[in-house]
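Presented below is the structure to which this report refers.
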Amino acid sequence: MAKFTFEKMPRLIFLTPQEVERVHEEALKVLENVGVYFDSEEALKILEEAGCKVDKEKKIVKFPPSLVVESIEAAPETIAIFDRDGEFYAELGNNTNYFDPGSAAIRVLLDDGITVRDSTSADMKAVVKITDFLSQIDFQTTALVCSDIPYEVGDLYRLYLVMKESKKPVTAGAFSVPGVRWMRELLKAVRDSYDEVEKKPYAIFTICPSPPLKWTHISAQNIIDCARFGLPIEFISMSMLGAASPATIIGSVVQDVAETLSGLTLAQVVRKGIPVIYGGAPVVFDMRTGTTPMSAVEAVMISCVCAQVAKYYGLPTHTYAALSDAKIVDAQAGFETALSGILAALAGINVISGAGILDFVGTFSLEKLVIDAEVIGMIKRVTRGILVNEETLAAELFQQVGPGGDFLSTKHTRHWFKKEQYFVGPVVDRKDRAAWEQEGSKDIFRRAREQVKAILQSHPGTPLSQEKEHSLEAALLAVAKEAGVEVPV
């Protein structure tokens, strides 16, 4: 079943092909013999009609292996993603890496580097503007929960803010039964028709099971609606090593695979060929503190192994990485972000979410976001690999320069140094100590704070045309009226 291979690129592989197949077989056994809970009468009916064994009283669905395999094979190997204006932007699949901010943080770290408060729509606008500016970060996300917006439409309003201020594609998610339908109305407002929304996907919708082996009424309905509307789905299993999933890494992987395949099968039964992404947000359960670190190395290992399984299935991949569980932007934040980000990238994971995130995905930092952009730039340089040809091997150059010669003044250097090196921005210090002291002996957080202020003052974002903005606002207000709440525009 293998469709993707690692060839000429840096790579990270934990399992042999035989072990990947064993994980697949064990997941099929779980689906066939244990089953998955669906808190949705409609989902139970759809799956029963497709040939699953359904216990309607217990709401447990048991899946025939043949249906699961058929569903895997129906899912596309790659997904074309378009920007807000309908222009091709990226192709998810194979081993390409794209990065976006983490999502759904409920707090922001203030620019003193210590204090936090509840996040608001103003903070969300700042995240969107900075993400729009940073070339290293590829996609937008609905990064913050806006405490000043009615809960009933909070997920919708975050998407509205992104769409209003940036062209970059967006990863979103609904947290209510009608949420996907409502968000589709916003997408239609800038694309003019439902057909264009479907043909040129601009938003990816994340949908999460509840470990172990459960789909809530909201998540099941989101799957059904996304499939019916032709919207790409990103399944985010959330194994919790030792608490909500087995204490072994490979056991948690089996659970993740089973949960993802159950959602994938429902989606493909509703609409064959619907694009899906195999995603994940694994954590470990720290028995000493009772916390759930997402940047624990074992959690990142689960993500990397799940990516191997997803590539065996021929599915685009996602995970949460390039983030930290630290409370402030300190050395821990740096090493956890870099370690998790590089491991995920070397595993060939397509979408890596987490830039800007601290504190178990609870806190967002604008300063960390601009620092993380530099980490991501370096990671992308690593995954680009090393070009080997006659010119890069530089045989003629050695003849020209000779022993004790000078490479700095050569045409070869003038041509290649811009291509071979990643040039860091002002947030990274590479001056000598005297110059650093002369400029105020600033640490990385101070430099990042200055860059945040400069971006927010100078970068206008990428606003919609006046006509499209009016259409988007009208769609938002119509949905808010249906929900019985008022929202600012």
Side-chain angles (χ1 to χ4, degrees), residues 31 35-64 67-76 79 142 152-153 155-156 159 171-188 194-195 197-199 201-211 213-238 256-280 313 315-316 318 479 482-483:
L31 291 171
V36 177
Y37 177 89
F38 284 84
D39 188 19
S40 164
E41 297 298 328
E42 186 174 9
L44 295 175
K45 180 181 178 182
I46 290 170
L47 291 169
E48 184 175 42
E49 291 175 352
C52 296
K53 294 181 181 179
V54 176
D55 185 326
K56 294 182 179 178
E57 183 176 345
K58 295 182 178 180
K59 299 184 179 180
I60 300 294
V61 178
K62 296 182 178 179
F63 294 78
L67 177 63
V68 178
V69 171
E70 179 184 331
S71 298
I72 294 169
E73 293 175 343
I79 304 173
T142 48
E152 293 86 348
V153 293
D155 49 5
L156 178 86
L159 177 60
T171 301
F175 300 106
S176 65
V177 169
V180 169
R181 177 173 59 83
W182 287 348
M183 289 181 172
R184 184 183 181 225
E185 293 303 313
L186 296 191
L187 299 175
K188 176 177 177 287
Y194 295 130
D195 186 53
V197 170
E198 180 180 336
K199 287 197 307 184
Y202 155 59
I204 298 166
F205 286 80
T206 62
I207 306 177
C208 307
S210 301
L213 303 170
K214 291 182 179 181
W215 292 95
T216 66
H217 178 50
I218 292 174
S219 59
Q221 190 62 52
N222 286 173
I223 294 172
I224 293 168
D225 287 345
C226 280
R228 285 177 175 160
F229 297 151
L231 303 173
I233 303 170
E234 186 172 85
F235 293 110
I236 308 289
S237 281
M238 301 180 292
D256 271 23
V257 174
E259 289 174 347
T260 300
L261 292 183
S262 65
L264 179 149
T265 301
L266 173 60
Q268 297 301 326
V269 166
V270 172
R271 183 166 178 175
K272 190 173 183 179
I274 192 71
V276 300
I277 299 168
Y278 188 126
Y313 294 147
L315 297 174
H318 161 274
V479 170
E482 180 183 338

So do the side chains of [X] and [Y] get within less than 4.5 Å of each other, counting heavy atoms only?
{"X": "S40", "Y": "W215", "answer": "no"}
{"X": "I223", "Y": "V270", "answer": "no"}
{"X": "C52", "Y": "P64", "answer": "yes"}
{"X": "F38", "Y": "L266", "answer": "yes"}
{"X": "L231", "Y": "D225", "answer": "no"}
{"X": "V269", "Y": "E49", "answer": "no"}

Can you tell me how far the [atom1] atom of [X] sits from the [atom2] atom of [Y], to the nearest 0.5 Å?
{"X": "S219", "Y": "F235", "atom1": "OG", "atom2": "CZ", "value": "9.5 Å"}
{"X": "F205", "Y": "T142", "atom1": "CZ", "atom2": "OG1", "value": "9.5 Å"}
{"X": "R228", "Y": "R181", "atom1": "CZ", "atom2": "CZ", "value": "12.5 Å"}
{"X": "Y37", "Y": "L44", "atom1": "OH", "atom2": "CG", "value": "8.5 Å"}
{"X": "D256", "Y": "L213", "atom1": "CG", "atom2": "CG", "value": "10.0 Å"}
{"X": "E234", "Y": "C226", "atom1": "CD", "atom2": "SG", "value": "11.0 Å"}

At their closest point, which heavy atom of [X] faces which heavy atom of [Y], and how far apart are they?
{"X": "A258", "Y": "L31", "answer": "O-CD2, 3.3 Å"}
{"X": "A483", "Y": "W182", "answer": "CB-CH2, 3.6 Å"}
{"X": "E185", "Y": "Y194", "answer": "OE2-OH, 2.6 Å"}
{"X": "I274", "Y": "A227", "answer": "CD1-O, 3.7 Å"}
{"X": "D155", "Y": "F175", "answer": "OD2-N, 2.6 Å"}
{"X": "G230", "Y": "R271", "answer": "N-NH1, 3.5 Å"}

Under-4.0 Å salt bridge between K59 and D39: yes
Exam field: side chain E259 to backbone K214, donor-acceptor pair closer than 3.5 Å: no
Is there a side-chain contact (heavy atoms from CB on, under 4.5 Å) between Y313 and L264 once you walk through the steps? CA-CA 12 Å; Y313 294 147; L264 179 149; over 6 Å; no
